[in-house]
Structures are given as structure tokens and as C-alpha cells.
Amino acid sequence: MPIIGPIRAVAAGADLIAETVDAPRVSVEWRPPLRRLQPDPATDAANEIAVARLLAARPAWVGIGRALDLIPGMRADLLLHAGPPLRWEDASGPLRGALDGALRLEGRDSADLEPCHHHQAVGPMAGVISASMPVVVVADETSGQRAYSNLNEGLGKVLRYGANDEAVLDRLRWMAAELAPDLARALAAGPVDLTAINSKALQMGDELHNRHRAATSLLFRELAVRGLSGQSLKFVDSNDYFYLNLVMAAAKAACDAAADVARSSLVVAMARNGTEFGVRVSGLGDRWFTAPAPVPTGLFLGSYTQEDANPDIGDSAITETYGLGGFAMAAAPAIVQYVGGDVETARNATLEMYEITLAENPNHQVPALNFRGTPTGIDLRRVVETGIPPLINTGIAHRRAGVGQIGAGLTRAPIEPFLDAFRALNA
Amino acid sequence: MLKAELRPREYHDSIVLMLASRRMLDVPGTESAMAAMATPLNLELMQEAGLWGSELEGAGPDDLVLAARGEQAAAAVAAGLSALTERAAARASGGQPPPRTVKTAARFLGGANLAVVSVPGEHATWASWDALAAGLNVFCFSDNVSVADEVLLKDEALRRGLLFMGPDCGTAIVDGVGLGFWNAVPQGRIGIVGASGTGIQQLSCLLAHQGVGISHAIGVGGRDLSPEVGGRMTREAIRRLDSDADTDLIVVVSKPASAELSARKPLVQALLAPGVDLTEVALRVGGGKLPDDPPPPRPDRVSGIFSGGTLRDEAALIWGQDPRFSAVDYGADEYTRGRPHPMIDNTIRLDAIRRAEGLIYLDVVLGRGAHPDPAAELAPALRGRTATVVLIGTAGDPQGLDRQRTAFEAAGARVYLSNSRAARALL
């Protein structure tokens, strides 16, 4: 019997030592960790539990209704917003515009501000949700965990980018009065299986943060069969991003199912409010760890440039937290120009994210990676070990309220919140 | 002329940096040069060497610094940089990004079963833990791992049915594959378990000189048989050799141990103590003969300038308290901080030879991992001196035992294959 067997070696450290091993060998591109790491079996065990919940999640769209009636803790005098908590005076242009619009929509002069994330909710870009807005209800059928998001308004002048003229508010009123009841009738036939749509869409070229063309099309078919009425069905058809808010709620339900596991270093939320970027960790409860939000780089529409870009904004990085978006870039060759223009770069972006994640999600397979599951479940410790910050695909908002989306691209999460959370986990 | 350059967040392992330093010194007219990570210790060394430039202000341990003083200082720094880039270029392979963690590297190489860990000691526990979690046996060359971490790692290895060889493990030969510093010795039926790398090398070479081979040599780290570690890995290694069909007899090389050892097969304990030496054990289990030794000189004074700790200890035990003898291990931590090991780089021992009085006693370790031609540098320094050289190596080693012997003898040294015989000849 051999002692080990035919040696196949992984080498970490000095090349001159690795080179003494005459056997098949691969070398780690080792660099000193940003902080010294110490093994902790309790954290390993906690992460196993937490990431198992993330992988076990089966989110489904189960309902739709008024935010005031559905979102836990929602009040008439409360506006929810994307990202970690912030004060009115710290809000960037697009968020300010969205908040002003929501106040007018509700006929109010003032309201309190709280993050969507504090109410089991998520919203793209400004992420503003007010009491009268319709929201979707997504439930993880495994854990029972529920999550909420608003309905996507479409492209162009929209509240989520800070536009708030009467046309914007009229559309929101129509969505509450017509679209939501129509969707409710369609949902009466039963939940829509979002897990199934996510799986199929990834195999049809979506990464489910910046590209939803396949997912929205699949949803369109589902809703059409359920008899969604003409105008509402047209609205879904006209907006490739209609599915975004649903996948965000799905990711939120899954991530919340994995939250609050003591000692776990699993990241359960990444979100930006246009001013700050924030991270939450399963083993660290409700705490946010924040840093200034980075300004994304990418492709700009028309004559807009980097100068016009607002710092990163939106709860949509919940998709990356769930192993989609930037983490699933290899699935979306159609939008590789966001990551530098070639398919190999997109594939390598996903491969790099395996370095900082705990698992691969078998429900989220990528054909170009031989049907390997997307890298899922960011381990804070791996971010600290490798210095690789999570990659986030994102829309780029103009820094002035109301101009809207001026581009799309990618950004890296700032590293400081991860270092701070790491310190807190080891405190 | 001084030239200094700071390269933020560029990492190279210490051995590579030392080779780059050598390349810098090779540039004609260079008085002093160094390439190093900017640790407080290295910065201090650079200041002492007159290599401080304002360019290095603010450098931290994650930054690379290069500095040279001499006629062509800029050319020297450029030579250092090109030595580093050559290595980096040699590593980059194909389109796929290289793995950054042991975990992902293990996935890169299908069937990986061993990790060779030689990262700086403070990070070795994490890298080793990662390897064990990935189901890899570990050869841990890194030193400066705490006893508590050693116990943690060994218990985890045993729980998973894996070997943890180390820490500070210099040598192993497992399933026909050498790891670290090892000699080309024949396959045979003697299994070695060793707490000492040079001990394993001396024993396996002395067996080879008798025409006797080994089945495996399993390193366990210098502290394995200490009361704190309690022989955890020695016992596991013995258990594996007990069930190995290729092993007839087991030799344990260690300092005197507190742990009780037993085996089903014949067990010989080479526990270094007065009256026990590796040569005696090698002859007992080998059942052969060693070539005759050269006639002993009659020195008034002997300066033992060692590279192997076990070889120093073995000689020191023989020489006892006799004031004519001194025995220094230049491979000990106090001499290797910020410098390469004397088995790789002869500089520190060349200095010691120049300063030494009386007969110079050198151990010269050949084989993989060691300096490619130690005689080329050491033999000229011995010319005109009285010298004893112990060659630890075999005909199959890349340096060539005969070539090394001839070079040392041409310089007037007496050459031995057995450390204890050479030491005893001087009494």
C-alpha cells in the first residue's frame, strides 16, 4: 500500500522548494494575506451551515401588493432606500431625486429614511420604496424566508435614477393601479418558480444583474400563459430589466436564509446607497461595515463620460452576494464589453470569484464552464486572504438627479469593509 | 552612487529575492545591494548596509524594495528587477488566471494529494489548514509555526486520515517522490521516520553508500516527539510504514524523545544521544561497509561551521566539553533571518571560514534543493587551510558526489561521508 499514492502536488510559497518535487504540480500564486488568518473550526462549521442554506434556497414569486400592507415595519411616513443607512443630507443626486419624487407621490412633506435591507426588502439603484408602491413578495420555499422588492419601471426617465417629473409619477401611479392588480391575477394560478427561471436564463446568456433579456422573456411566456392582460404584458415586454427586481428579491430571500449563523464569515449583503458601500456578514448580525462607494467604470451611453458618473448605488449587488451578476459573468458573453471586451476576460472574472467563495451553486450552472455552478457565498476570510474584492456588475447613474442611466460597467467592492468585518469577527 | 526603488504591493518570496540580490551584486562595481520585502528588519538591514534612499520612505511589509550602491547602481537595480520579472513570466501560463489559494489550486490539478507549504511561517498554519480541508497531505517546509498550531494541524490531519509533515520539515521521500532537500538514493526496504531533515539525508546517504535503499522517508518536524506534540505524527508515520508492503524495517531519527514508540515491524530508534550516532545506525541496519576514511590530522583547534542542525548536534555530542572544539549551526534561525539558508547560499559560511581559526570542519549537503555547486565557492576558501569536509550526498545527486569530492580534495581538504566518523577522527 502506498503512503500517499502517486504524488500530485500543490505548492504554496517559495518556488525553489516547489521545484524539488518531481511530480505533477501546480503552484499557488501566493501573496501575503492582507491580515494574518488563523484557522477556526467553529467558523468552518458555521459557514457550512450558512452556505448550505444559501444553496438550498428555492425562491419563488408568491405575491404582490402594497408596500404598506406587506413589508414588515413599513409605515406611511417612511421611505426605504438602497444600501446602508444614510441621512438626507448625505444622499447623492439620484437618491435625492428619487426621495423627492416618492414624497410627492405620497403627498408628504417629509418622511423617515431607512434601508430596504432593514425591512427584508431590496431595490435597484436609488431603491426608494414608499407606502403606496406595489411590491413583489418572493419566498424561499426551503426556509420560508420572504423578501420584497418594488416593480421595475423600465428604462429612461425613472424614479430609481432620480427622475421625478409628472410622467415618472404617473407611470408609478399606473403601476399601482393597473399593473399590480393584473400581476396579482396572474399569480393567482400559483407561484412563479424563480429558481427555474434563473437556471434557464444563465444558460441563455444572462448573468442576472446587467442582462435580464432571457429571464424577462421566460417570465413573459409564463405571464402570457397565465393570461396577463394586454397593456401589462406589453409593459413587461418593453423592459428587458423587468426581471431584475425579482431576481434581487430571490437573492435577498436566499441570503437572509443564510444570515445570523453565529461565527459564520459568509457575506449576506453587499449594498450601496450612492454615498457608501456596505457589507453584512452572517455571524455579525445586523451590523453594516461601510466605506465610500466607488465610482464604477464601464461603457457610457452617447456623450456621457466617467466625469458624469455617480458613485455606485443600489441593492442590486445582492445578486453578486448570491453568486450571480459579476460572479456569473462567464455566462453572459453578450455583455463582455463591460469587462474589457473579450470572452476570456468574462470567463476569468467568474473563475477569479471562485477564490473568494465557499461553494458552487448547482442550480446556477454556466455552460461555458462545463456547467460548473457559479461561485457562491463570499467568505470574508478569503477576501482578506487573497485581497480579491468581489466583482460587481452595475448600472451607472448620472450624478445629477433625473438624467437616468448613462452607462453600465463593473466595479470592485472596496476592501475596507471586509477588513473591518474581519476584525469584528475575530474580536 | 545609490539607487533605490520602491514597488508597492509587489510580493516575491524570500528565496527569489535573495537570488535577485545576488544578481544585483554580480553587476561590476556594486558594493552593496539588496532586494527585499520592506519588513522593519529588512529596512534596518538596508540602512546598516548604506542602502537607504528617500525613495524608500513609507515602505511597508507588503511593498518590494530594491537598492544598490556602487558605480552602476541603476544597472544593478535593473538586474534585480529583471531577475524577478523572469520568474514571474515563467510562472504565467496560458489564459487561465493562476490559482491564488491552496483550495483552488487543489481543484486545478485533478487528483491532487499533497501540499508543499513554504510560505512565511506566520501564514503557514492557514495555508496548511486550507490544504487539509481540501483533503491534501501536507509537507510544511515553513518554520516559525507555534507548537499550539502544530498540534491543531496534526490533530486535524489525523482526523482526516492525512499526513502532516512538519512544520520546519526539510526532507521527505514518499512514494518515490522527494520533497524539499533530498538525495538521489535507491529504492529499498528500510522506512525512515525523521524529526530532522539533515538526519534523514545523512542516514539515507549512508545507506546508499552501502548499496541499501529506502522505501519511504517521512519527515515529521523537529518537535514531533516533544512532550507538547507527543509523537502524534511519528506514530502515524510508523503505522503507515507498518502497513506498507515495501517496508521491512523502520528507523526513527530524532532527538531523545519522551514518547513511547512501538511498531509491528522491527523498529530502530536513532535517538541522538551520547554513544548513538547516525553512522552506527546506518551500518547496523544496512549491514554493509563504508569506504575507508582518510588519516586523521592532529589539530589544536577545530572550528565546526555547520549548515545542518542535526549534524552539528551529532558532532558536538562527540566533541563533548573539549575546549578545542567549537560547533556552530549557521542554519539556525538567528543566522537565517533575512538571509538564505547556508545550504542554498554559501555567503555566511564563507565569512565564517575567513574568520575561523584552526581546522575548519564543514558539512556540505548535496542533493535537490541545495546549492548547485557548493565546492565551486567553498573549496577555494579552504585552500591553504587544514580542513575536514563531510559530504552528504550520492553519485546521483545533481552536484555529483565525485566532482564535489575531487574539488574539495584538490583544495587540500580531507573528505568524509560520515559526519560522526569525521568528528571522531579529530579527537
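Throughout, a chain's letter reflects where its sequence line sits, starting with A, and its residues are numbered from 1.
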Heavy-atom closest pair, residues B:S118 and A:A14: OG-N, 2.8 Å

Most chain A-contacting option - heavy-atom pairs closer than 4.5 Å, from B:L162, B:V177, B:T101, B:L136: B:T101

Non-hydrogen side-chain atoms of B:L163 and A:I3 separated by less than 4.5 Å: yes

Heavy-atom pair count under 4.5 Å with chain A, highest-scoring of B:P61, B:G111, B:A127, B:A245: B:G111

Toward chain B, the part of A:I388 with a non-hydrogen atom under 4.5 Å: side chain

Stepwise salt bridge (Lys or Arg N to Asp or Glu O under 4.0 Å) test for B:D130 and A:R382: CA-CA 11 Å; B:D130 202 12; A:R382 296 291 188 186; 2.6 Å; yes

Contacting region of A:L351 [heavy-atom separation from chain B under 4.5 Å]: side chain

Pairwise side-chain contact, B:R107 with A:R372, heavy-atom cut-off 4.5 Å (strictly under): yes

Max heavy-atom pair count under 4.5 Å with chain A, selected residue of B:S215, B:A237, B:G369, B:G180: B:G180

Largest heavy-atom contact set with chain A, pairs under 4.5 Å, which of B:T104, B:L153, B:V117, B:D246: B:T104

B:I218 portion near chain A, given a 4.5 angstrom heavy-atom threshold: side chain

Donor + acceptor pair across side chains of B:W126, A:E385 (<3.5 Å): yes

Check: A:E29 side chain, B:P98 main-chain N or O, donor-acceptor pair, under 3.5 Å: no

Partners passing ring pair (Phe, Tyr, Trp, His ring centres under 6.0 Å) against B:Y11 (at least two apart in sequence or in another chain): A:W30

Top of B:I344, B:D62, B:N137 for chain A proximity - count of heavy-atom pairs under 4.5 angstrom: B:N137

Sub-4.5 Å side-chain heavy-atom contact between A:T20 and B:W182: yes

Heavy atoms from other residues, nucleotides or ligands near CD of A:Q38 exceed 12 (cutoff 6.0 Å): yes

Nearest heavy atoms of A:V10 and B:A112, plus distance in Å: CG2-CB, 4.1 Å

Option in B:E122, B:M37, B:E10 with maximal non-hydrogen atom pairs under 4.5 Å from chain A: B:E122

Backbone of A:P6 reached by a side-chain donor or acceptor of B:D175 within 3.5 Å: no

Chain A contact via B:N113 - which portion, at a heavy-atom distance below 4.5 Å: both

Heavy-atom pairs under 4.5 Å with chain B, option from A:D44, A:L37, A:I356 with the top count: A:L37

Best-contacting candidate, A:P2, A:G5, A:G387, A:P41, against chain B by heavy atom pairs under 4.5 angstrom: A:G5

Electrostatic pair A:D379:B:K103 at N-O distance under 4.0 angstrom: no

Segment of A:R25 engaging chain B (4.5 angstrom heavy-atom cut-off): backbone

For A:P32 against B:H123, the heavy-atom pair lying closest together: CB-NE2, 4.3 Å

For the student: nearest non-hydrogen atoms of B:V102 and A:A12, plus distance: CG2-CB, 4.0 Å

For B:A105 against A:V28, the heavy-atom pair lying closest together: CB-CG2, 3.6 Å

Distance (rounded to the nearest 0.5 Å) between B:L179 CG and A:I4 CD1: 7.5 Å

B:V116 and A:I17, any side-chain heavy atoms less than 4.5 Å apart: yes

Proximity breakdown for B:L152 and chain A, heavy-atom pairs closer than 4.5 Å: side chain

B:P99 to A:S27 - nearest heavy-atom pair and separation: CG-O, 3.6 Å

SB check A:D22 B:R368 (cutoff 4.0 Å): yes

Which atoms of B:D149 approach chain A - backbone, side chain, both or neither, heavy atom under 4.5 Å: side chain

